[in-house]
Amino acid sequence: MGNLRTRILGLCLALAAPAQGLRAEGAGSPGAFQLFAVCTGRLSALMEYQWLVQDPQSDATEKRRDQMADLLAAAMPAGAEIRAMDLRLQAKVAEAQLLELARFGQRDRAAWAWAQAQRQLAGCTALLLS
């Protein structure tokens, strides 16, 4: 019952939260389903990046990614699994490109990419209760 309450509260918070910077490409104002799919993809990219650089925060990121995936599952309309995976993969690839540029790019571009990646991830993690 507590898990259901967490999901419902998370959904309510996501719908009430401003979606600035969390738009999937080509979408106007995304619904909770799209928002959670994009954030799940972004958190997956961060987790894999943290594995690459051996960041001990990867376990915490994995837990946040799993929480976001639970919210996605709760908000997913019937038959939208393929669309969810597409949104997740697009967001994951985009976030991974930012993180790669932040790590290996020239100084000014790397700083910009790191700031962008962190801003987008902060918007996603703000949706979680923990």
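The shown structure was predicted, so the numbers you read here are calculated from the model rather than taken from an experiment.
- Closest of all the heavy-atom pairs between G105 and A110 is O-CB, 3.8 Å.
- Cluster annotation: V53 is connected to W114 through the hydrophobic network of ILVMFWY side chains, with a link wherever side-chain heavy atoms come within less than 4.5 Å.
- Closest of all the heavy-atom pairs between A45 and A96 is CB-N, 3.8 Å.
- Here the NZ-OG distance, from K63 to S58, works out to 10.5 Å after rounding to the nearest 0.5 Å.
- Other residues sharing the hydrophobic cluster of L89, ordered by chain and number and joined by side-chain separations under 4.5 Å: M85.
- Each of L121, T40, T125, L127 was evaluated against R64; a single residue qualifies, T125, per the side chain to side chain contact (heavy atoms under 4.5 Å, CB included) test.
- Between C39 atom SG and E95 atom CD the span is 9.5 Å, to the nearest 0.5 Å.
- Residues passing the side-chain contact (heavy atoms from CB on, under 4.5 Å) test with A113, sequence neighbours excluded: L98, L101, A102.
- The structure places CE of M47 at 10.0 Å from CG of D59, a figure rounded to the nearest 0.5 Å.
- Just one of D70, L128, L43, L46 meets the side chain to side chain contact (heavy atoms under 4.5 Å, CB included) condition when paired with R65; it is L43.
- For the salt bridge (Lys or Arg N to Asp or Glu O under 4.0 Å) test, residues two or more places apart in sequence or in another chain that qualify with D86 are R83.
- When hydrophobic clusters are built by joining Ile, Leu, Val, Met, Phe, Trp and Tyr residues whose side-chain heavy atoms come closer than 4.5 Å, directly or via intermediates, M68 is grouped together with M76.
- Sequence neighbours left out, the pairs with a member in residues 45-55 that pass salt bridge (Lys or Arg N to Asp or Glu O under 4.0 Å) are E48-K92.
- Among pairs with a residue in residues 101-113, none fulfils salt bridge (Lys or Arg N to Asp or Glu O under 4.0 Å), at least two apart in sequence or across chains.
- Take Q97 and apply the side-chain contact (heavy atoms from CB on, under 4.5 Å) test, not counting sequence neighbours, and it matches V93.
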